[in-house]
Amino acid sequence: MNLTLKIWRQPDAVSTGAMHTYQLADVSPDMSFLEMLDVLNEQLNDQGEDPIAFDSDCREGICGMCGLMINGDAHGPEVTTTCQLHMRSFSDGETITIEPWRSDAFPVIKDLVVDRGAFDRIIQAGGYVSVNTGSAPEAHSVPVPKDDADRAFNVATCIGCGACVAACPNGSASLFMGAKVTHLGLLPQGQPERDERVVNMVAQHDHEGFGGCTNIGACTAACPKEIPLDVISQLNKDLRTAIKHGH
């Protein structure tokens, strides 16, 4: 495959960025998207040019580090992480536009790398449970309904990649936050901080500059783990309850 790549280049956080165009030949359809970028960087190195900075770690769809906007879609045309997207999803001769996550709350560090520390600070604000010292509780001493356990497990699969924010016209992180609030709120371990958690996380979310949710649904459509939109309803319900309790 021969491709034309239009890629956002920005030397640092304070400089003005711009789109640059590159030609890449003989791309295997079996390459992952990140492997294709590796090949491009080898070509740039050989030419004495600065390689394109992009994030990646596990390259197994687990960590969420690899997020990119590809032809205007978070993670690209498939419902998967960027590292699990393969070049067979594109056509020979195609022009592919590659940009970093689009959000003021995710400032660009360099090229395609953004600072997603805002997610870490939301988790620090409330995404934790109390841990009591002493002997471990007896297994199954606190029954959990199977439906609750299953739902908690399913929404806990959120990897915090930020695709929901990048896809949302409002730049809201409500899907991410809703997933964390829901999976902790469904389990007994999450009850002591339940009200405090949702109030603190929402306050941190707003402080970071994320937008509000208007239930467009672009977030869940872009989510590689297919987190359902109803976690946002659960988030709002928990917030109303916490306010009623005086938090």
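Sequence positions, counted from 1, serve as the residue numbers for this chain.
- Under a hydrophobic clustering in which Ile, Leu, Val, Met, Phe, Trp and Tyr are joined whenever their side-chain heavy atoms come within less than 4.5 Å, directly or via other members, Phe210 and Met201 fall into the same cluster.
- Following chains of ILVMFWY side-chain contacts shorter than 4.5 Å, one cannot reach Ile122 starting from Tyr128, and the two form parts of different hydrophobic clusters.
- When every heavy atom of Leu68 is checked against every heavy atom of Thr82, the shortest pair comes out as N-OG1, 3.4 Å.
- No hydrogens or angles considered: a donor-acceptor pair under 3.5 Å links the side chains of Arg194 and Gln191.
- In plain terms, the two heavy atoms of Val129 and Glu193 that are nearest each other are CA-OE1, 3.7 Å.
- Asp111 places a side-chain N or O within 3.5 Å of a backbone atom of Ala53 that can act as its donor or acceptor partner.
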(message) Using side-chain contact (heavy atoms from CB on, under 4.5 Å), reason through Ser28 and Met1 one step at a time and then give a plain yes or no.
(response) CA-CA 6 Å; Ser28 168; Met1 300 169 60; over 6 Å; no
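- Here Pro77 pairs with Leu85, Ser89, Phe90 under the side chain to side chain contact (heavy atoms under 4.5 Å, CB included) rule; sequence neighbours left out.
- A donor-acceptor pair is defined here as one N or O able to donate and one able to accept, closer than 3.5 Å; no such pair exists between the side chain of Gln234 and the backbone of Val231.
- Asn71 places a side-chain N or O within 3.5 Å of a backbone atom of Thr97 that can act as its donor or acceptor partner.
- If you chain together hydrophobic residues whose side chains sit under 4.5 Å apart, Leu112 and Val165 never meet in one group.
- Around CG of Asp46, the count of heavy atoms belonging to other residues, nucleotides or ligands within 6.0 Å exceeds 12.
- Between the side chain of Gln84 and the backbone N or O of Arg59, at least one donor-acceptor pair lies under 3.5 Å.
- The side chain to side chain contact (heavy atoms under 4.5 Å, CB included) test applied to Pro51 returns Asn41, Asn45, not counting sequence neighbours.
- The pair Lys110-Asp50 counts as a salt bridge, with a side-chain nitrogen and a carboxylate oxygen less than 4.0 angstrom apart.
- To the nearest 0.5 Å, the span separating CD1 on Ile7 from CG on Leu40 amounts to 5.0 Å.
- Within a 6.0 Å sphere centred on CG of Asp115, heavy atoms belonging to other residues, nucleotides or ligands number more than 12.
- Contact detail for His75 and Cys161: the closest heavy-atom pair is NE2-SG, 3.3 Å.
- Cys219 meets the side chain to side chain contact (heavy atoms under 4.5 Å, CB included) test with Cys164, Leu175, Leu229, Ile232; sequence neighbours excluded.
- For Lys225, the side-chain hydrogen bond (donor to acceptor under 3.5 Å, both in side chains) criterion is met by no residue, not counting sequence neighbours.
- Put simply, the side chain of Arg116 gets close to the backbone of Met65: a donor and an acceptor are under 3.5 Å apart.
- Without hydrogens or angle criteria, Ser15 side chain to Pro11 main chain gives no donor-acceptor distance under 3.5 Å.
- Side chains of Thr4 and Gln23: a donor on one and an acceptor on the other come within 3.5 Å.
- Separation of atoms CD1 (Ile70) and CD (Glu78) is listed at 10.5 Å; rounding is to 0.5 Å.
- The cluster map of Ile, Leu, Val, Met, Phe, Trp and Tyr, joined by side-chain heavy atoms under 4.5 Å apart, puts Phe33 and Leu24 in the same cluster.
- Although no hydrogens or angles enter the test, the distance criterion places no donor-acceptor pair under 3.5 Å between the side chain of Asp12 and the main chain of Ile109.
- The shortest heavy-atom contact between Cys223 and Val79 is O-CG1, 3.6 Å.
- The line from CD1 of Ile96 to CD1 of Ile98 is 6.0 Å long, rounded to the nearest 0.5 Å.
- In this structure, the separation between CG on Asp55 and SG on Cys83 is 12.0 Å, given to the nearest 0.5 Å.
- The backbone N or O of His86 sits nowhere less than 3.5 Å from a side-chain atom of Ser32 that would complete a donor-acceptor pair.
- When all heavy atoms of Met87 and Met36 are compared, the closest pair comes out as SD-CB, 3.9 Å.
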(request) Carefully, step by step, assess Val108 and Val113 under the rule side-chain contact (heavy atoms from CB on, under 4.5 Å). (result) CA-CA 6 Å; Val108 174; Val113 178; over 6 Å; no
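- If you take OG on Ser174 and CE on Met177, they are separated by 5.0 Å, rounding to the nearest 0.5 Å.
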Please table the atom pairs, donor to acceptor, closer than 3.5 Å between any side-chain atom in residues 147-154 and protein atoms at least two apart or in another chain.
residue, atom, partner, partner atom, Å
Asp150, OD2, Lys146, NZ, 2.6
Arg151, NH2, Asp230, OD1, 3.0
Asn154, ND2, Asp150, O, 3.2

(request) Dump the intermediate steps for side-chain contact (heavy atoms from CB on, under 4.5 Å) on Cys66 and Leu34, then the final yes or no. (result) CA-CA 8 Å; Cys66 58; Leu34 297 187; 3.8 Å; yes
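- Within 6.0 Å of CD in Glu138 there are 12 or fewer heavy atoms belonging to other residues, nucleotides or ligands.
- By the 6.0 Å contact criterion, NE2 on His20 is enclosed, its count of non-hydrogen atoms from other residues, nucleotides or ligands being greater than 12.
- With hydrogens and angles ignored, the 3.5 Å screen pairs a side-chain donor or acceptor of Thr220 with a backbone N or O of Ile227.
- There is no path of hydrophobic side-chain contacts, each under 4.5 Å, that joins Val202 to Leu184.
- Across all non-hydrogen atoms, the minimal contact from Ser91 to Glu94 is N-OE1, 2.8 Å.
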(message) Could you walk me through whether Arg9 and Ile52 satisfy the side-chain contact (heavy atoms from CB on, under 4.5 Å) test, starting with their C-alpha distance in whole Å, then the side-chain angles of each, then the deciding distance to 0.1 Å, before giving a yes or no?
(response) CA-CA 7 Å; Arg9 302 302 308 265; Ile52 296 155; 3.5 Å; yes
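- One finds the CG atom of Asp195 at 7.5 Å from the CG atom of Asp238 (value rounded to the nearest 0.5 Å).
- A donor-acceptor contact under 3.5 angstrom links the side chains of Asn170 and Thr214, judged on distance only.
- The ring pair (Phe, Tyr, Trp, His ring centres under 6.0 Å) contacts involving residues 175-196 comprise Phe119-Phe176, where partners must be two or more places apart or lie in separate chains.
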